[in-house]
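Structure, as structure tokens:
Residue numbering restarts at 1 for every chain, and letters A, B, ... go by the order of the sequence lines. Note that these values count all heavy atoms, side chains included, but never hydrogens, waters or copies made by symmetry.
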Amino acid sequence: MEGIKQLLASNIRRFTMIIALVGIIILFQILTHGILLTPLNVTNIIMQNSYIIVLAIGMMLVIITGEIDLSVGSVAAFVGAVSGVLLVSWDLPVFLGIIICLALGALIGAWQGYWVAYVNIPSFIVTLAGMLIFRGLTLVVLQGQTLAPFPDSFRKLSSSFIPDLFGNGELQLFTILIGLIFTVIYIVSEFSIRKKDIKYGFNTLSMPLLMLKIILLSVVINLFTYILAQYEGLPYVLLILVALVLGYTFIMNKTVLGRHIYAVGGNANAAKLSGVKTKRMKFLVFMNMGILAALSGMIFAGRLNAATPQAGNLFELDAIAAAVIGGASFTGGIGTIFGAVIGALVMGVLNNGMSLMGIGIDWQQAIKGLVLLAAVAFDVLNKNK
Amino acid sequence: MSVDSPILEMKSITKRFPGVKALDDVNLNVQQGEIHALIGENGAGKSTLMKVLSGVHAYGTYEGEIIFNGSLCEFKNINESEELGIVIIHQELALIPELSIAENIFLGNEQQKNGVINWSETLVKTIELLKKVGLKVDPEEKIKNIGVGQQQLVEIAKALSKDVRLLILDEPTAALNEEDSENLLNLLVELKEQGMTSILISHKLKELLKVSDSLTVLRDGQTIQTYHLSSQKITESIIIKDMVGRDLTNLYPERKKVIGNEVVFEVKDWSVYHPLDPNKQLLHNVNLKVKKGEIIGIAGLMGAGRTELAMSIFGKSYGKKISGELYKGGQKIKLNDVSEAIKHKIAYVSENRKDYGLILIDSVRKNLTLSNLKKVSNKNILNMNDEIVEAESIKTKMNVKAPSIEQVTNHLSGGNQQKVVLGKWIFTDPDLLILDEPSRGIDIGAKFEIYKIINELAEKGKSIIMISSELPELLGMCDRIYTLCEGKITADVDIDEADQETLMTYMTQSWRS
């Protein structure tokens with residue numbers, strides 16, 4: 001009992017986020033009479049929010065360094081437009097097109113990072129300018145037109161599923177198998193961490209508590225893949241998301257680079273005097289944001305199967321809201337990748353649930369705004385206690 | 001002036017902070033119409049006492065009572081004390097640089113009717129006030145365009161505009177040159193003759209003895225003595241003895257001196273200009289050297305360029321147009337940023353641990369390893385287990401009092417924070433440590449521990465440059481002391497020949513005139 005209490009106390013922020021998400025899911029599951037968690041709809045939620053989650057991960061890093069990026073929606077639109085020109089108009093090979101687009105994203109990120117990190121212009125201003133610049137360039141590139149359709153292999157990125165190797169049609173067994181493999185890898189890693197902790201003589205979770213955690217997470221993972229398996233199976237984009245979340249979580253928690261990024265946001269002066277290259281860190285974080293915005297733009301274009309001038313409208317606000325609901329602090333230094341994903345899912349489930357209920361877009365906006373404010377207010381009040 | 005009419009009585013004031021008793025049964029009596037000096041070392045409790053008086057520390061957070069003008073005061077905030085005419089002028093001036101003198105003087109007290117400001121009245125009153133404080137400048141001049149001495153006078157004018165009954169000045173002359181100081185003190189005497197009561201906090205004994213009527217000495221949060229200068233013959237040495245109050249040898253731990261002959265670090269012809277004003281030279285051809293196992297001190301008044309010297313050496317972290325040469329172990333080195341300085345095994349502990357030393361929202365562990373993550377990582381991937389082991393070991397070695405290494409540093413006391421900063425730099429295994437005010441704002445016990453750590457480092461053959469504004473500290477710790485005045489080294493004094501007076505003479509030896 002003591003163990004659980006301690007666990008709760010030290011992870012209160014994370015738990016409240018998860019509890020909020022679970023609460024919202026249960027609420028809409030009831031309000032929509034069970035439509036929310038049907039296999040088709042769960043697949044939809046993932047696909048509809050994939051590009052926001054990609055942006056939210058990058059935005060989380062930007063906010064951790066104490067900056068902001070308002071341009072990501074425009075950058076995503078611009079890169080989407082360029083991908084349209086490359087793949088639809090010029091018929092370049094898809095792989096080459098994707099590489100060029102990611103490189104373009106990196107270049108755009110580097111451009112903004114340069115002004116923020118090395119010229120010391122507030123990121124709000126630089127990226128506000130970027131928002132206008134790249135929205136404008138989107139129109140220039142597309143000349144006001146919509147480019148379509150994209151080659152099939154490009155669309156796979158955002159709207160196809162992993163083929164079922166066993167193919168019995170009813171249930172996607174391959175998806176379930178992947179879920180099981182993932183579960184095994186997870187359990188093995190939990191035990192190897194435990195072994196190391198014991199070797200170093202650290203405190204570990206008590207065995208029953210660890211079992212509880214493992215069982216809970218295993219059930220969640222497999223339930224999730226089971227639901228997906230009832231429809232078309234695992235979407236490719238989910239694999240991209242899982243890879244991004246695991247990769248960025250690793251970078252932020254387990255590498256010198258990640259530690260330095262947190263340090264810059266926590267106290268830039270102290271970080272600088274501790275040998276952290278604060279400017280380079282900010283530059284890299286913006287460059288990374290550019291790459292992720294490019295990826296997001298391509299996923300969105302692939303999903304629409306068109307490059308349109310209006311793409312990415314207000315994406316930046318969704319991404320910022322996701323990061324903030326997910327626990328990012330605007331003073332910098334605080335936030336997790338996991339939190340960004342949870343935040344994006346909270347917004348996504350809200351959107352989806354309200355749409356299923358037939359609530360108009362007008363009320364949806366207002367309610368989302370209130371949820372954002374409530375999440376941050378809760379956090380602030382909690383801290384003041 | 002009647003001796004029996006105190007305007008202010010502070011009785012048995014005790015103020016506790018977590019882990020520290022900042023004030024312990026302090027008594028202060030200030031007579032109507034006098035200049036009362038308050039003196040004591042850094043950390044003696046002067047500022048805390050004034051914060052209690054002005055309501056920054058609200059009634060109820062301290063014990064004891066305050067009687068002002070015959071009535072008991074229970075200030076909940078600074079507005080309530082100002083209403084009664086108690087005004088504090090802080091060391092860091094609270095003026096807004098972009099506003100004019102007149103606007104600053106009447107900020108928060110605007111001459112207005114229904115929210116519309118009457119500028120003519122504001123100007124007329126400002127001119128009157130400026131005349132009172134003897135300041136001959138345009139009242140519409142912006143604050144940023146006048147000197148620090150003049151700004152100080154504006155602060156006083158602002159206080160006068162509020163119908164002040166007790167004026168408290170915290171180190172008003174610390175940043176002033178001799179002439180401006182003289183002016184300011186004369187003004188205080190003049191105001192006194194018009195009936196003003198003031199409390200003057202300062203480190204400069206000479207000026208206090210010159211202008212004040214009474215003088216109270218604080219030490220370690222206790223009142224030591226109150227002198228009435230009109231009836232008692234007091235000398236500087238009596239006051240210093242009261243301030244320090246104990247044998248210096250008790251305050252500073254013994255060290256086995258093992259000073260090598262080899263010069264570990266040398267600075268040659270070091271010149272630095274102000275980062276924002278490239279015409280303002282802050283350091284002029286500074287030369288200094290440190291031997292193996294040696295602790296050298298740098299003594300200088302505020303604004304002499306001590307921190308600027310340290311930070312400009314440490315990876316050019318301060319200043320522009322830096323010229324000069326650095327030698328480490330006889331080799332010429334170039335330090336273009338902090339990571340290069342760390343690579344050359346140089347460490348710098350900042351004077352401002354909260355803003356420049358620690359990441360307050362992070363744990364003890366993360367702070368301790370930040371400067372040398374290389375040691376707990378492999379190919380840039382952290383080994384968290386190694387990190388925990390290393391952090392635990394430094395925490396124990398430094399005797400950091402925190403429940404665990406996961407404790408957020410914001411919640412530690414000043415002394416423990418300083419130990420974390422010091423520990424963080426010891427973790428980089430430096431040959432040379434530059435310590436900027438290593439004992440500022442921490443209590444006596446923690447000070448002693450930090451001195452012991454410094455001594456141990458020196459005994460192990462590390463070289464140490466110690467910057468301090470407390471001369472006794474330098475005298476107690478160092479082997480050699482350089483004095484810095486207006487950006488220039490004015491003397492290199494061996495510890496056997498050093499005493500406070502000699503150092504003070506060199507520190508104030510203006511070479512510009």
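Within 6.0 Å of the OH atom in B/Y327, the count of heavy atoms belonging to other residues, nucleotides or ligands exceeds 12. Counting heavy-atom neighbours within 6.0 Å of A/K195 NZ, excluding the residue itself, gives a total of 12 or less. For B/K375, the NZ atom sits in a packed shell: over 12 heavy atoms of surrounding residues, nucleotides or ligands are nearer than 6.0 Å. Sparse packing is recorded around NZ of A/K272, with 12 or fewer heavy atoms of other residues, nucleotides or ligands lying under 6.0 Å away. Counting heavy-atom neighbours within 6.0 Å of A/F124 CZ, excluding the residue itself, gives a total of 12 or less. No more than 12 heavy-atom neighbours from other residues, nucleotides or ligands sit within 6.0 angstrom of OH on B/Y59. In B/K345, the NZ atom is crowded: over 12 heavy atoms of neighbouring residues, nucleotides or ligands sit closer than 6.0 Å.
Looking at B/N383, only its side chain comes within 4.5 Å of chain A, counting heavy atoms on both sides. With a 4.5 angstrom heavy-atom cutoff, A/K277 touches chain B only via side-chain atoms. When heavy atoms are compared at a cutoff of 4.5 Å, B/K424 approaches chain A solely by way of its side chain, counted from C-beta outward. The contact between B/Y356 and chain A is made by backbone and side chain atoms together, counting heavy-atom distances below 4.5 Å. Heavy-atom distances place no part of B/E340 under 4.5 Å from chain A, backbone and side chain included.
Comparing B/N385, B/V338, B/I388 by heavy-atom pairs within less than 4.5 Å of chain A, the highest count is held by B/N385. The candidate with the highest count of non-hydrogen atom pairs below 4.5 Å against chain A, out of B/S371, B/A347, B/G315, B/S377, is B/S371. Of all the listed residues (B/T428, B/I381, B/T369, B/V421), the one sharing the greatest number of non-hydrogen pairs under 4.5 Å with chain A is B/I381.
A distance-only check finds no donor-acceptor pair linking the side chain of B/D337 to the backbone of A/G275 [under 3.5 Å].
Minimum heavy-atom separation, B/I361 to A/G266: CD1-CA, 3.9 Å. Taking both residues in full, the closest heavy atoms of A/N269 and B/D355 are given as CB-O, 3.4 Å, listed atom of the first, atom of the second, then distance. Listed here is the closest heavy atom pair of B/I342 and A/S274: CD1-O, 3.4 Å.
To the nearest 0.5 angstrom, A/R259 atom CZ is 8.0 Å from B/D362 atom CG. One distance of note links OH of A/Y200 with CE of B/M384; it measures 12.5 Å at 0.5 Å rounding.
Side-chain contact check for A/V276 versus B/L370: some heavy-atom pair is nearer than 4.5 Å.
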